[in-house]
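Data first, discussion second: the structure below is written as structure tokens.
Note that the structure is a prediction, hence the values are computed from the model and not measured.
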Amino acid sequence: MRDGDLIPSVTGDVDVGELRWLYPHEHLLVSWNEWRGETVASYPGNAEYARRQITAMLVELKALGVDALIDATPMGIGLDEAYVQFARDVSAASGVRVFLSTGLYATGHWPPWAHEWSAEQIGELFTRHLQTGIGDTGVRACLLKAAVGTEITADEEKALTACAIAHRRTGAAVQVHSIGCRREIVDLLTGQGVDPSRIYIAHVDMNTSEEEFVWLAERGVRLVTTNWDFPHHMDQGEARRLVKLLIARGHLDKILVSIDFGMSIETRWCVGLWTWDNPDRTSY
């Protein structure tokens, strides 16, 4: 994108030229039980507590030079009209622009309708979120999101296909939560008409190899690194070596750096921080 191009944020369209540093994969407030009807609106006290904490974190982030973040929270773990309002509130209070994603999270968190609908029906919903807005909020998503585990299941293939349908209609990029089978993900999406440069593989620095890193970069795919200081997922020295390797080979434009932080409503009694067993990892 170039200066003058506009991206829809939760508080209005943003000129790309106004942004300096943008996190490509973060979360505000995940509702782990959204799939069974518990949303941000279900626990207003918890949501208000989280709003204050997240706003303070984003104010700090803004002071460090981060202008914006893409919230990668799709349907199944939070995205609905109440979530849009929550995102609006923290964005307006902090000055950090927030861009939303539409899509579906891991199939274990899908709402019941997603299992029943066809890829075409789901793709139509994604398209509406991108073109006209999420529910009646008027706020448009700017990115598509899917999630894949260690192999592509039938439901995951349906979600990827729905993303491809919406991509062909809107041009929106597709970001995929991945812990494996990344080549298969890319092959499936490109086979359905998705431009490789519009594919963003998230958590690519988890369970990966030099061969896979190079394969993805050479095909023009964007690599979203999020596992900094998560030695449980991958040796951190090796992760940094792979990023440096791609830079040395001229693929700097393929690498994106994010933190993948968020707060979460665990139950009526508990709001959590995503620390991933790292006591120093308590904010964005």
Minimum heavy-atom distance Val174-Leu189, with the two atoms named = CG1-CD1, 4.2 Å
request  = Look at the side-chain heavy atoms of Ile, Leu, Val, Met, Phe, Trp and Tyr, link any pair under 4.5 Å apart, and say whether Met263 and Leu28 land in one connected group.
outcome  = yes
ask   = Donor-acceptor pair, Gln175 side chain versus Pro24 backbone, under 3.5 Å?
value = yes
query = Is it true that a side-chain atom of Glu156 and a backbone atom of Thr153 form a donor plus acceptor pair closer than 3.5 Å?
reply = yes
inquiry  = Among residues at least two apart in sequence or on other chains, which ones pass side-chain contact (heavy atoms from CB on, under 4.5 Å) with Trp110?
reply    = Leu104, Thr107, Ala114, His115, Asp155, Lys158, Ala159
request  = Say whether Val224 and Ile255 are linked into one hydrophobic cluster, either directly or through other cluster members, by side-chain heavy-atom distances under 4.5 angstrom.
outcome  = no
task = Would you check, one step at a time, whether the test side-chain hydrogen bond (donor to acceptor under 3.5 Å, both in side chains) holds for Ser258 with Glu26?
result = CA-CA 7 Å; Ser258 212; Glu26 302 299 324; 2.5 Å; yes
query = Distance from Glu151 atom CD to Ile179 atom CD1, nearest 0.5 Å?
reply = 10.5 Å
message = Treating Arg198 as the side-chain partner and Gly171 as the backbone partner, does any N or O pair qualify as donor plus acceptor under 3.5 Å?
response = yes
Check: Ala87 main-chain N/O paired with Ser91 side-chain donor or acceptor under 3.5 Å = no
task = Return yes if some donor-acceptor pair links the side-chain N/O of Asp205 with the main-chain N/O of Asn227 below 3.5 Å, else return no.
result = yes
query = Are any non-hydrogen side-chain atoms of Val30 and Tyr105 less than 4.5 angstrom apart?
reply = no
ask   = Which pair of non-hydrogen atoms, one from Ile122 and one from Ala162, has the smallest distance, and what is that distance?
value = CG2-CB, 3.6 Å
query = Atom CD in Glu81, atom CG in Asp136: separation rounded to 0.5 Å?
reply = 5.0 Å
ask   = Hey, which of Glu218, Glu212, Glu211 is the one that makes salt bridge (Lys or Arg N to Asp or Glu O under 4.0 Å) with Arg183?
value = Glu211
inquiry  = If I take atom CZ from residue Phe261 and atom CG from residue Leu69, how far apart are they, to the nearest 0.5 angstrom?
reply    = 12.0 Å
ask   = Do Leu188 and Glu184 come within less than 4.5 Å of each other through their side chains, counting heavy atoms only?
value = no
request  = Decide whether Leu79 and Trp32 are clustered together by the hydrophobic rule: side chain heavy atoms of Ile, Leu, Val, Met, Phe, Trp, Tyr closer than 4.5 Å, transitively.
outcome  = yes
ask   = Salt bridge or not for Glu38 and Arg268, using N-O below 4.0 Å?
value = no
request  = Determine the minimum heavy-atom distance between Met75 and Thr102, stating which atoms define it.
outcome  = CE-OG1, 4.0 Å
message = Is the shortest side-chain heavy-atom distance between Arg97 and Ile7 below 4.5 Å?
response = no
task = Look at the side chain of Ser264 and the backbone N and O of Glu266, then say whether any donor-acceptor pair between them is shorter than 3.5 Å.
result = no
request  = Report yes or no: do Leu252 and Tyr200 belong to one cluster of Ile/Leu/Val/Met/Phe/Trp/Tyr joined by side chain heavy-atom distances under 4.5 Å?
outcome  = no
task = Mind listing the closest non-hydrogen atom pair of Glu34 and Ile77 along with its distance?
result = OE1-N, 3.6 Å
ask   = Judged by modelled atom types alone, do Tyr83 and Thr39 share a side-chain donor-acceptor pair under 3.5 Å?
value = no
message = Between Gln131 (side chain only) and His129 (backbone N and O only), is there a donor and an acceptor less than 3.5 Å apart?
response = no
task = Ignoring hydrogens and angles, state whether a donor on the side chain of Ser197 or Asp195 is under 3.5 Å from an acceptor on the partner side chain.
result = yes
task = Indicate yes or no: at least one non-hydrogen side-chain atom of Leu245 is less than 4.5 angstrom from one of Phe213.
result = no
inquiry  = If you apply the rule side chain to side chain contact (heavy atoms under 4.5 Å, CB included), what do you find for Asp15 with Asp5, and how did you get there?
reply    = CA-CA 6 Å; Asp15 186 325; Asp5 289 341; 6.0 Å; no
inquiry  = For Asp235, is the CG atom crowded, meaning more than 12 foreign heavy atoms sit under 6.0 Å from it?
reply    = yes
ask   = For Asn33, does its backbone N or O pair with a side-chain atom of Ser31 as donor and acceptor, under 3.5 Å?
value = no
task = Please tell me if the side chains of Val40 and Leu29 come closer than 4.5 Å, counting only heavy atoms from C-beta onward.
result = yes
query = Are any of the side-chain heavy atoms of Gln192 and His167 separated by less than 4.5 Å?
reply = no
query = Is the shortest heavy-atom distance from the side chain of Ile165 to the side chain of Glu120 under 4.5 Å?
reply = yes
task = Apply ring pair (Phe, Tyr, Trp, His ring centres under 6.0 Å) to His203 and His25, showing your working.
result = CA-CA 9 Å; His203 322 307; His25 187 104; 4.7 Å; yes
Residues that Arg222 engages under side chain to side chain donor-acceptor pair (under 3.5 Å), provided they are two or more places apart = none
note = dist Leu100:CG -> Leu143:CG (nearest 0.5 Å) comes out at 10.0 Å
inquiry  = Would Tyr284 and Leu58 count as a side chain to side chain contact (heavy atoms under 4.5 Å, CB included) here? Give the steps.
reply    = CA-CA 7 Å; Tyr284 301 95; Leu58 294 184; 3.9 Å; yes
inquiry  = If the threshold is 4.0 Å, N to carboxylate O, is there a salt bridge linking Arg20 and Asp67?
reply    = yes
query = Atom CG in Leu6, atom CD in Glu18: separation rounded to 0.5 Å?
reply = 8.5 Å
query = Where do Arg88 and Thr11 come nearest, in terms of heavy atoms and distance?
reply = O-CG2, 4.1 Å
key: Pair Arg182-Ser178, side-chain donor/acceptor within less than 3.5 Å   = yes
ask   = Could you go step by step and tell me if Phe126 and Thr170 meet the side chain to side chain contact (heavy atoms under 4.5 Å, CB included) rule?
value = CA-CA 10 Å; Phe126 293 171; Thr170 67; over 6 Å; no
ask   = Is a donor on one side and an acceptor on the other found under 3.5 Å between the side chain of Thr225 and the backbone of Leu256?
value = yes
query = If two hydrophobic side chains count as joined below 4.5 Å and joins carry through other members, does Trp274 share a cluster with Met206?
reply = no
task = Grab the two heavy atoms, one from Asp71 and one from Ser101, that are nearest each other, plus how far apart they are.
result = O-OG, 2.8 Å
ask   = In terms of the angle between their ring planes, are Trp117 and Trp113 parallel, tilted or perpendicular, with boundaries placed at 30° and 60°?
value = tilted
message = I'd like to check the side-chain contact (heavy atoms from CB on, under 4.5 Å) partners of Val66; sequence neighbours left out, ordered by chain and number.
response = Trp21, Tyr23, Leu61
inquiry  = For a side chain to side chain contact (heavy atoms under 4.5 Å, CB included) check, start with the C-alpha distance between Ile201 and Ile185, then their side-chain angles and the critical distance, and finish with the verdict.
reply    = CA-CA 9 Å; Ile201 301 295; Ile185 292 169; 4.1 Å; yes
Ile247 side chain reached by Lys254 side chain, heavy atoms, under 4.5 Å = no
task = Look up atom CG in Leu160 and atom CG in Leu144, then write down how far apart they are to the nearest 0.5 Å.
result = 10.5 Å
ask   = Between Asp187 and Arg219, does a salt bridge (Lys or Arg N to Asp or Glu O under 4.0 Å) hold up when you go through it step by step?
value = CA-CA 10 Å; Asp187 287 342; Arg219 277 151 186 79; 5.7 Å; no
